[in-house]
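Input: a single structure, listed below in C-alpha cells.
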Amino acid sequence: MTSSVSREAYGEASDRLTADTATATATQLASVADEILSVAGLLRAQPRLRRALTDPSRPGADRAELVRSLLSGKVSETTANVLGALVSGRFSKPVELLDATERLGVETLLATAERDGKLTDVEDELFRFGQIVSGDSTLEVTLSDPGAALERRVKLVQALLKGKVHVATGRLVEVALEGFGGRGFVASLNRLVELTAAKRDREVAYVTVAKPLTDADETALAAKLSAIYGRGVSLKVDVDPSIIGGASVRVGSDLYDGTILRRLNAAKQAFAK
C-alpha cells in the first residue's frame with residue numbers, strides 16, 4: 001500500500017473491522033482472518049477481478065455491492081462488510097487491493113493472538129522459525145521455491161510446526177509461503193515479525209553477535225536503542241561466530257555494523273588500493 005488513497009481505503013476498512021469484531025472471541029476472529037485471506041488468494045489468482053474491484057469509473061458503492069454479491073453465502077457478514085468497505089475506497093493500482101486484503105487478514109490474525117495474550121510468543125516463534133529455515137539450505141530452497149506447489153509446501157510447514165507454535169503463528173507462516181506483499185518467503189517472515197512487534201508498539205532490532213549476549217547486555221542494548229528510536233525495541237539475536245567479534249544491529253533500513261569482520265574487510269580493501 002504505497003499511495004495515500006489506498007492507505008485511506010485500508011484505514012476505513014480496518015476501522016470497520018475493529019468496530020465489528022470488538023466483542024468477538026479469538027476463535028471468531030481466526031475465522032474472519034481465514035475468510036479474508038481466502039479472498040486475498042482469490043484476488044491473487046484473478047487479476048481481472050482485481051481490476052473490476054478497483055475500476056475508478058465505477059462508483060464505490062457499486063464495487064462494494066459487487067464484492068458482496070460474489071461473497072454472499074460464502075463468508076460471514078462481518079467479512080463481507082469489511083471487504084465491501086475496502087473496495088469502496090480508491091486504489092492507484094489493482095495490486096494494492098491485494099496487498100490491503102492480505103494486510104487486513106494478517107492484522108486479524110495478530111488480533112487473535114493479542115486476545116489470547118500470545119503476541120510476544122507469536123513474534124518469537126516467527127523469528128525462530130525464520131532462523132531454522134535460514135540455517136538449513138535445503139529447507140530454505142524447498143520453502144522459497146515459487147515453482148513448487150503451494151499445497152505441498154504448506155503441508156511441510158504444518159508437519160514441522162504442528163503442536164509446537166500458536167495457531168496464529170502457523171497461519172502466518174502459510175501467508176509467508178504465499179509471498180506476503182509480493183516478497184520472497186524469508187523476507188515475508190521478517191516483515192511479519194515486524195508487524196507483530198508493531199502491534200506491541202515496538203521496533204525490531206536484528207542483532208548479530210559472535211557469541212551469546214548476557215541478559216544484562218541485552219537489557220542495556222535494548223535500552224540504548226529504545227532511547228534512539230523513541231519506542232520499545234524487540235531484540236532478535238543471531239549468533240554467528242564468523243563475524244569474530246563485535247556486533248551488527250539492523251533496525252529497519254538503519255545498519256550499525258561494528259563487527260571485527262567488517263573492520264578486517266575494510267583494512268584489506270585499504271591495503272589493496
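Note that the structure is predicted; figures quoted are calculated from it, not measured.
- Atom OG1 of residue T214 and atom CG of residue D217 lie 3.0 Å apart, to the nearest 0.5 angstrom.
- Within 6.0 Å of CD on Q46 lie more than 12 heavy atoms contributed by other residues, nucleotides or ligands.
- Among residue pairs with one or both ends in residues 179-192, those qualifying as salt bridge (charged side-chain N to carboxylate O under 4.0 Å, His left out) are R191-E194; sequence neighbours excluded.
- Looking at V173 and F185, their side chains come closer than 4.5 Å, going by heavy atoms from C-beta outward.
- For the pair F91/L53, no side-chain contact is recorded, criterion being any heavy-atom separation below 4.5 Å from C-beta on.
- With hydrophobic clusters built from ILVMFWY side chains whose heavy atoms lie under 4.5 angstrom apart, L195 does not share a cluster with L235.
- The CZ atom of R63 sits 10.0 Å away from the CG atom of L86 when rounded to the nearest 0.5 Å.
- The aromatic rings of Y229 and Y256 sit perpendicular, their planes meeting at an angle over 60°, well past the 30° parallel limit.
- Within the 4.5 Å cutoff, the side chain of D34 has no heavy atoms near those of the S31 side chain.
- At least one side-chain heavy atom of L143 sits less than 4.5 Å from a side-chain heavy atom of V133.
- With respect to the salt-bridge test (charged N to carboxylate O, under 4.0 angstrom), the residues R103 and D99 do not qualify.
- One finds the CG atom of L37 at 8.5 Å from the CZ atom of R44 (value rounded to the nearest 0.5 Å).
- Cluster annotation: V32 is connected to V75 through the hydrophobic network of ILVMFWY side chains, with a link wherever side-chain heavy atoms come within less than 4.5 Å.
- Y10 and V175 fall into different hydrophobic clusters, where Ile, Leu, Val, Met, Phe, Trp and Tyr residues are linked whenever their side-chain heavy atoms come under 4.5 Å apart, directly or through other members.
- Note on residues 227-249: pairs passing salt bridge (charged side-chain N to carboxylate O under 4.0 Å, His left out), not counting sequence neighbours, are E123-K236, D124-K236, D201-R231, E203-R231.
- We find the CD-OG distance between Q28 and S76 to be 9.5 Å, quoted to the nearest 0.5 Å.
- The CZ atom of R153 lies 10.0 Å from the OG1 atom of T142; values are rounded to the nearest 0.5 Å.
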Exercise for the section: List the steps, then state whether salt bridge (charged side-chain N to carboxylate O under 4.0 Å, His left out) holds for E151 with K155. Expected result: CA-CA 6 Å; E151 182 180 358; K155 286 183 177 179; 3.5 Å; yes

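- For the atom pair NZ (K118) and OG1 (T112), the distance works out to 12.5 Å, reported to the nearest 0.5 Å.
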Exercise for the section: Kindly determine whether E114 and R200 satisfy salt bridge (charged side-chain N to carboxylate O under 4.0 Å, His left out), including the steps that lead there. Expected result: CA-CA 9 Å; E114 187 174 37; R200 302 194 298 123; over 6 Å; no

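- Between T208 and D257 the shortest side-chain heavy-atom distance does not fall below 4.5 Å.
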